[in-house]
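Below: one structure, written as structure tokens.
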Amino acid sequence: MSTFDSTALRHAFAHIPSGVVAICAEVHGERVGMAASTFVPVSLDPPLVAFCVQRTSGTWPRLSALPRLGISVLSEQHDGAAKVLAAKNGDRFAGIETEIRDGGAVFVAGTSVRMEVTVEQEIPAGDHDIVVLRINEMLTDAEVEPIVFHRSSFRRLIAS
């Protein structure tokens, strides 16, 4: 096996397909959100999921202390929304229809899974933190197909 640098590692990681989620909430009357492609189920009992966030994120500190967050598993129709939510600048909700719940969780409309969550634990991991979230409520729509992030592009699943 050969040695590698961060560019080679980033390229290798791009070959691992992953789902894309929006993590959103309302903060003092403003919708705040971000996209993550490092989302994973963790535990059935208790119900836990996790994602990874860069330590340099300016958005996560605004969300992390809130009592309720909305996780939306983005669908095939959300490739544009994923890009907008991942942008460093501008209106992260431009052209995105959302639902704001009592308690502040914000969901993207038309998604396959919506979870209202609370932060359970943050674990330092290199230049990222692993954020473990407890699921309080969940809604699924089996008719909606998720979008996948693979090789630095958003892709649709095709059944074989």
What residues, two or more places apart in sequence or in another chain, satisfy side chain to side chain contact (heavy atoms under 4.5 Å, CB included) together with Pro124?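 Pro124 satisfies side chain to side chain contact (heavy atoms under 4.5 Å, CB included) with Arg55, Asp129 only.
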
All side chain to side chain contact (heavy atoms under 4.5 Å, CB included) counterparts of Ala8, not counting sequence neighbours: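 Per chain and number, Ala8 pairs via side chain to side chain contact (heavy atoms under 4.5 Å, CB included) with Phe4, Asp5.
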
Got a second to check how far [X]'s [atom1] is from [Y]'s [atom2], nearest 0.5 Å?
| X | Y | atom1 | atom2 | answer |
| --- | --- | --- | --- | --- |
| Ser57 | Leu63 | OG | CG | 8.0 Å |
| Leu74 | Phe39 | CG | CZ | 10.5 Å |
| Ile23 | Leu85 | CD1 | CG | 9.5 Å |
| Ile147 | Glu76 | CD1 | CD | 8.0 Å |

ILVMFWY network linking [X] to [Y], side-chain heavy atoms under 4.5 angstrom:
| X | Y | result |
| --- | --- | --- |
| Ile71 | Val53 | yes |
| Ile96 | Val73 | no |
| Val20 | Val49 | no |
| Met138 | Val144 | no |

So which residues get pulled into Val40's cluster when ILVMFWY side chains under 4.5 Å apart are joined, directly or through others?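 Besides Val40, the cluster holds Val42, Leu48, Ile123, Ile130, Val132.
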
Quick one: hydrophobic cluster around Leu44, which other residues, with the 4.5 Å side-chain cut-off, linked directly or via members?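 Leu44 shares its hydrophobic cluster with no other residue.
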
Heavy-atom pair of closest approach, residues Val119 and Ser64: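 Closest approach of Val119 to Ser64, heavy atoms only: CG2-O, 3.6 Å.
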
Name every donor-acceptor pair, under 3.5 Å, that has one atom in a side chain of residues 100-115 and the other anywhere in the protein, sequence neighbours excluded.
residue: Arg101; atom: NH2; partner: Glu137; partner atom: OE1; Å: 3.0
residue: Thr111; atom: OG1; partner: Val108; partner atom: O; Å: 3.3
residue: Arg114; atom: NH1; partner: Glu99; partner atom: OE1; Å: 2.6

Compile the donor-acceptor pairs under 3.5 Å between side chains in residues 24-34 and protein atoms, sequence neighbours left out, one pair per line.
residue: Glu30; atom: OE1; partner: Arg62; partner atom: NH2; Å: 2.9
residue: Arg31; atom: NH1; partner: Thr98; partner atom: OG1; Å: 2.9

Does the side chain to side chain contact (heavy atoms under 4.5 Å, CB included) test come out yes or no for Thr118 and Arg68, once each step is laid out? CA-CA 5 Å; Thr118 53; Arg68 300 283 189 202; 3.6 Å; yes

